[in-house]
Trainee: 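A single structure is presented below for examination.
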Amino acid sequence: RKEVEQDPGPFNVPEGATVAFNCTYSNSASQSFFWYRQDCRKEPKLLMSVYSSGNEDGRFTAQLNRASQYISLLIRDSKLSDSATYLCVVPRGIPGGSSNTGKLIFGQGTTLQVKP
Amino acid sequence: NAGVTQTPKFRVLKTGQSMTLLCAQDMNHEYMYWYRQDPGMGLRLIHYSVGEGTTAKGEVPDGYNVSRLKKQNFLLGLESAAPSQTSVYFCASRRTGDNSPLHFGNGTRLTVT
């Protein structure tokens with residue numbers, strides 16, 4: 001099993017739709033998580049951080065389910081400009097210790113295409 | 001603040017040639033990372049560093065070496081380039097602490113022929 005797994009998609013949705021992506025992780029010691037957005041293989045840009053159960057920023061909501069070891073990203077009222085690849089990032093934790101080993105693992109990314 | 005700066009932006013190498021990619025950050029970050037990204041794939045960690053003078057292997061370290069002699073710089077070396085190392089290379093840095101996000105450079109596009 002990969003450390004971090006995402007459905008690569010693509011997810012093709014019409015403008016205004018609500019879409020959700022999941023990211024599963026295998027290391028139960030990981031504490032905080034990140035969603036990044038990447039356009040056309042440019043550098044990834046931070047979208048949201050997830051430390052506790054969830055986080056909301058405008059049309060974007062990230063949720064964390066520690067019991068099932070996944071994080072999700074929900075995008076409401078999709079815009080054409082939301083078309084991008086969404087990358088999930090998980091710090092590699094040490095079981096029973098601090099999660100801060102410094103190592104950050106990326107998922108494969110989920111591609112979203114919003115159509116007019 | 002320039003943030004994270006990578007040089008060069010583009011490079012074409014012949015098989016067997018060597019080169020060094022430079023990453024510099026001016027944010028006083030402790031942690032620095034080198035990732036590579038191939039078409040259709042996410043970012044894979046090559047090497048990383050949790051402080052000046054320290055380095056550690058990531059997921060795909062073979063064929064690469066790194067050095068962190070100064071806190072602000074993280075160098076990635078290819079001693080004998082191979083076509084399989086054709087990729088986009090991203091450097092990133094962050095502060096210590098679980099909640100610290102990565103800050104990325106613009107990337108280096110390397111082609112090995």
Trainee: Of all heavy-atom pairs between B:Tyr35 and A:Leu104, which one has the smallest distance, and what is that distance?
Mentor: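 Smallest heavy-atom distance, with atoms named: OH-O, 2.7 Å.
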
Trainee: What heavy-atom pair brings B:Phe90 and A:Lys42 nearest, and what distance separates the two atoms?
Mentor: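 Closest approach of B:Phe90 to A:Lys42, heavy atoms only: CZ-O, 3.5 Å.
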
Trainee: Side chain, backbone, both or neither: which part of B:Ser100 has a heavy atom under 4.5 Å from chain A?
Mentor: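 Just the backbone, heavy atoms under 4.5 Å.
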
Trainee: With a 4.5 Å cut-off on side-chain heavy-atom distances among I, L, V, M, F, W and Y, is there a chain of contacts connecting B:Val4 to B:Leu69?
Mentor: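 Result: no, two separate clusters.
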
Trainee: So which of B:Ala92, B:Gly105, B:Pro101 has the largest heavy-atom pair count under 4.5 angstrom toward chain A?
Mentor: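 Counting heavy-atom pairs under 4.5 Å, the top option is B:Pro101.
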
Trainee: Is it the backbone or the side chain of B:Leu45 that comes under 4.5 Å from a heavy atom of chain A, or both, or neither?
Mentor: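 The answer is the side chain of B:Leu45.
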
Trainee: Any link between A:Val13 and A:Ile75 through a network of hydrophobic side chains (Ile, Leu, Val, Met, Phe, Trp, Tyr) touching at under 4.5 Å?
Mentor: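 Looking at the clustering, A:Ile75 is in the same group as A:Val13.
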
Trainee: Can you get from A:Leu64 to A:Val89 by hopping between Ile, Leu, Val, Met, Phe, Trp and Tyr side chains that sit under 4.5 Å apart?
Mentor: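 Hydrophobic grouping puts A:Leu64 apart from A:Val89.
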
Trainee: Against chain B, label A:Glu3 side chain, backbone, both or neither, depending on which of its atoms sit under 4.5 Å from a heavy atom there.
Mentor: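 Interface part for A:Glu3: neither.
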
Trainee: If I compare all heavy atoms of B:Phe104 with all of A:Glu43, which pair ends up nearest, and what's the gap?
Mentor: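 Taking B:Phe104 first and A:Glu43 second, the nearest heavy atoms are CB-CB, 3.8 Å.
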
Trainee: Within the structure provided, determine whether B:Leu102 and A:Tyr36 are in side-chain contact (heavy-atom separation under 4.5 Å).
Mentor: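 Counting from C-beta outward, B:Leu102 and A:Tyr36 do come under 4.5 Å.
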
Trainee: Any chance CD of B:Glu52 has more than 12 other-residue heavy atoms, nucleotides or ligands included, within less than 6.0 Å?
Mentor: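 Atom CD in B:Glu52 is crowded, with more than 12 foreign heavy atoms closer than 6.0 Å.
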
Trainee: Under a 4.5 Å heavy-atom cutoff, which of A:Ser49, A:Gly109, A:Pro44 has the most pairs with chain B?
Mentor: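 The option with the most such pairs is A:Pro44.
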
Trainee: In terms of heavy-atom proximity below 4.5 Å to chain A, should B:Arg44 be classed as side chain, backbone, both, or neither?
Mentor: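 For B:Arg44, there is no contact with chain A at all, as no heavy atom is under 4.5 Å.
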
Trainee: Would you kindly confirm whether A:Leu73 and A:Val114 end up in one hydrophobic cluster when ILVMFWY residues are joined by side chain heavy atoms under 4.5 Å apart?
Mentor: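 The answer is yes; both residues are in one hydrophobic cluster.
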
Trainee: Would you mind telling me which of A:Ile105, A:Val4, A:Val50 has the largest number of heavy-atom pairs within less than 4.5 Å of chain B?
Mentor: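 Among A:Ile105, A:Val4, A:Val50, the one with the most close pairs to chain B is A:Ile105.
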
Trainee: How long is the span from the CD atom in B:Gln37 to the OG1 atom in A:Thr85, to the nearest 0.5 Å?
Mentor: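 Here the interatomic distance stands at 8.0 Å.
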
Trainee: Do you reckon B:Leu76 sits in the same ILVMFWY cluster as B:Val88, going by side-chain contacts under 4.5 Å, direct or chained?
Mentor: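 Different hydrophobic clusters.
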
Trainee: Is it the case that over 12 heavy atoms from other parts of the model lie below 6.0 angstrom from the CD atom of A:Gln63?
Mentor: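 No, the 6.0 Å shell around CD holds no more than 12 heavy atoms from other groups.
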
